[in-house]
Q: 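Structure provided below as structure tokens; questions to follow.
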Amino acid sequence: MAAGTELRVAVAGLGAIGFEIAKRLDAGIPGLWLTAVSARDREGAARRVAGFSQPVPVMAVEELPDVADVVVECAPKAAFAQILEPAIAAGRIVMPLSVGALLDRMDLVERARETGARIIVPTGALLGLDAVRAAAEGTIATATIVTRKPPRGLAGAPYLDQHGIDVGAITVPTKIFDGSARDGARGFPANVNVAAALSLAGIGPDRTRLEIWADPTVTRNTHTIVVDADSARLTMTIENIPSENPRTGRITALSVIAALRGLVAPLKVGT
Ligand SMILES: NC(=O)C1=CN([C@@H]2O[C@H](COP(=O)(O)OP(=O)(O)OC[C@H]3O[C@@H](n4cnc5c(N)ncnc54)[C@H](OP(=O)(O)O)[C@@H]3O)[C@@H](O)[C@H]2O)C=CC1
Ligand SMILES: O=C([O-])CC(=O)C(=O)O
């Protein structure tokens, strides 16, 4: 890519995912330029980026579309609309990580069609969405995801409170949810974005089935997808090493970096 034609990237949310993305962009990726970051605690964020090789401003999320071609959302679900709406209104590329939140805001896809914005959902903590998207060009009969996490990787989910489940007391693998990806994303908004992403790649949030297990025998966030289609049967498992946030796999930030690279690299591999 010629000098001065880099894609400007802003990172909204500077936690387990966002800080890793920002660090890697600052370290230098051809064709990509980190132009701003946002966080809830702006002073704290300024301290975190103070050691970067290039100065990067900490801005309000609403200001990011002014300085970026791509806005990466890696904040809690509660900040989703505040980040996506202005970026989509400005016709930017938006990469959401809080994918569960998108299921209840599919109107934003229509809005993106009007403004020329693009919403690109990275594979994130999952795998194989290339194959699922390919299968969806034919006919998929069923799509299921089984998620197993160490109990502490599920703590704090509203579904647990609503159903009186104390994951801290679980000592054997226990299925705590069995239902649609849509209901799972609502009950576990910070835990099963992967199920939401699978549903968007395949047959939608109401037909995609999700099981969630609190499993004290695993140390990794483990997701197994089974998709039955008229072109192939896919069975895939990923075992994610948790990041500093036990709910979030380390690979998630790397998936975003790979997706960003795919926007500018002369060679892109995978669907
Ligand atoms: N799609 C996928 O595969 C995956 C998605 N996720 C999702 O990605 C999102 C980020 O995860 P993770 O990095 O682990 O979360 P963290 O809790 O580690 O970080 C969240 C960040 O968001 C910032 N933040 C909070 N509120 C706002 C706001 N109003 N405006 C701007 N920034 C804000 C926080 O700021 P501060 O530092 O000041 O507190 C913090 O930096 C979550 O929704 C998570 O569920 C996670 C894993 C996989
Ligand atoms: O889907 C999510 O939100 C996070 C997740 O399971 C993981 O990182 O393995």
Side-chain angles (χ1 to χ4, degrees), residues 10-23 36-49 58-64 71-87 95-103 119-129 145-150 152-154 156-158 177 181 184-201 210-215 218-225 237-256 258-259:
V11 177
L14 213 56
I17 300 172
F19 191 51
E20 185 63 32
I21 296 169
K23 273 192 300 191
V37 296
S38 293
R40 186 180 44 84
D41 168 8
R42 289 177 65 169
E43 285 177 11
R47 282 194 296 276
R48 297 196 84 188
V49 298
V58 181
M59 301 176 73
V61 291
E62 294 80 3
E63 297 171 320
L64 298 180
V71 175
V72 184
E73 176 276 322
C74 27
K77 178 182 177 180
F80 181 84
Q82 205 188 340
I83 296 167
L84 262 74
E85 282 171 358
M95 263 189 206
L97 273 299
S98 305
V99 191
L102 182 58
L103 298 185
I119 303 172
I120 298 180
V121 175
T123 304
L126 200 56
L127 79 172
L129 296 188
I145 175 166
V146 179
T147 287
R148 287 178 184 272
K149 294 198 179 193
R152 74 189 189 108
L154 293 162
F177 177 86
R186 285 182 181 152
F188 297 84
N191 311 87
V192 290
N193 293 288
V194 285
L198 171 66
S199 76
L200 292 172
L210 166 66
E211 287 180 24
I212 304 174
W213 290 70
D215 188 341
V218 300
T219 54
R220 298 183 177 203
N221 297 333
T222 303
H223 310 290
T224 297
I225 299 175
T237 297
I238 188 165
E239 298 175 19
N240 288 329
I241 300 174
S243 64
E244 70 202 38
N245 177 349
R247 293 182 290 272
T248 294
R250 274 190 205 169
I251 201 165
T252 315
L254 304 184
S255 168
V256 173

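In each ligand, atom 1 is the first atom listed, and ligand 1 is the first ligand listed. Every heavy atom of this structure was used, including side-chain atoms; hydrogens, water molecules and symmetry mates were not.
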Q: Is the closest N or O pair between Asn245 and ligand 1 shorter than 3.5 Å?
A: yes
Q: Any atoms of ligand 1 less than 4.0 Å from a non-hydrogen atom of Gly15? List them with their elements.
A: 13 (O), 18 (O), 19 (O), 21 (C), 40 (C), 41 (O)
Q: If we only count N/O pairs under 3.5 Å, is Asp41 in contact with ligand 1?
A: yes
Q: State the atoms of ligand 2, each with its element, that fall below the 4.0 Å cut-off from a heavy-atom position in His223.
A: 5 (C), 6 (O), 7 (C), 9 (O)
Q: For Arg42, look at atom CZ and say whether over 12 heavy atoms of other residues, nucleotides or ligands are found less than 6.0 Å away.
A: yes
Q: My understanding is that only one of Leu126, Val99, Thr123 makes a side-chain contact (heavy atoms from CB on, under 4.5 Å) with Leu198; could you say which?
A: Leu126
Q: With side chain to side chain contact (heavy atoms under 4.5 Å, CB included) as the test, would you mind laying out the steps for Ser243 and Thr252 before giving the verdict?
A: CA-CA 9 Å; Ser243 64; Thr252 315; over 6 Å; no
Q: Could you tell me the residue and atom name of the protein heavy atom closest to atom 3 (O) of ligand 1, and the distance to it rounded to 0.1 Å?
A: Ala125 N, 2.8 Å
Q: Could you tell me if any non-hydrogen atom of Glu244 lies under 4.0 Å from any atom of ligand 1?
A: no
Q: Is the closest N or O pair between Ser38 and ligand 1 shorter than 3.5 Å?
A: no
Q: Check whether any heavy atom of Ala12 sits under 4.0 Å from an atom of ligand 1.
A: no
Q: Which atoms from ligand 2 have a heavy atom of Ala125 less than 4.0 Å away?
A: 5 (C), 7 (C), 8 (O), 9 (O)
Q: Do any nitrogen or oxygen atoms of Asn193 come within less than 3.5 Å of a nitrogen or oxygen of ligand 1?
A: yes
Q: For the 3.5 Å polar cut-off, considering only N or O atoms, please tell me whether Leu126 and ligand 1 meet it.
A: no
Q: How about CD1 on Ile251, more than 12 heavy atoms from neighbouring residues, nucleotides or ligands closer than 6.0 Å, or not?
A: no
Q: Check whether any N or O atom of Gly249, backbone or side chain, sits under 3.5 Å from an N or O atom of ligand 2, and answer yes or no.
A: yes
Q: Should you measure from each heavy atom of Arg247, which atoms of ligand 2 turn up under 4.0 Å away?
A: 4 (C), 5 (C), 7 (C), 8 (O)
Q: Is Thr252 in contact with ligand 1, taking contact as a heavy-atom separation below 4.0 Å?
A: yes
Q: Could you tell me, atom by atom, which parts of ligand 2 come under 4.0 Å of a heavy atom of Thr248?
A: 8 (O)
Q: Select the closest option to atom 24 (N) of ligand 1 among Ala16, Ala79, Pro76, judged by heavy-atom distance.
A: Pro76
Q: When you compare ligand 1 with Gly18, is there at least one nitrogen or oxygen pair between them that comes in under 3.5 angstrom?
A: no
Q: Check each atom of ligand 2 against the heavy atoms of Val194 and keep those under 4.0 Å away; list them by number with element.
A: 1 (O)
Q: Using a 4.0 Å cut-off to any heavy atom of Val99, which atoms of ligand 1 qualify?
A: 1 (N)
Q: What atoms in ligand 2 come closer than 4.0 Å to a heavy atom of Asn221?
A: 7 (C), 9 (O)
Q: For Ile17 and ligand 1, does the shortest N/O to N/O distance drop below 3.5 Å?
A: yes
Q: Determine, using heavy atoms of Ala190 and all atoms of ligand 1, whether some pair is separated by less than 4.0 Å.
A: yes
Q: Below 4.0 Å from ligand 1: does a non-hydrogen atom of Cys74 turn up there or not?
A: yes
Q: Gly124 heavy atoms, cut-off 4.0 Å: which ligand 1 atoms fall inside?
A: 3 (O)
Q: Taking N or O atoms only and a 3.5 Å limit, does Glu73 qualify as a polar contact for ligand 1?
A: no
Q: When you look at CD of Glu43, are more than 12 heavy atoms from neighbouring residues, nucleotides or ligands closer to it than 6.0 Å?
A: no
Q: Decide whether an N or O pair under 3.5 Å exists between Val61 and ligand 1.
A: no
Q: Does an N or O anywhere in Leu97 fall below 3.5 Å from an N or O of ligand 1?
A: yes
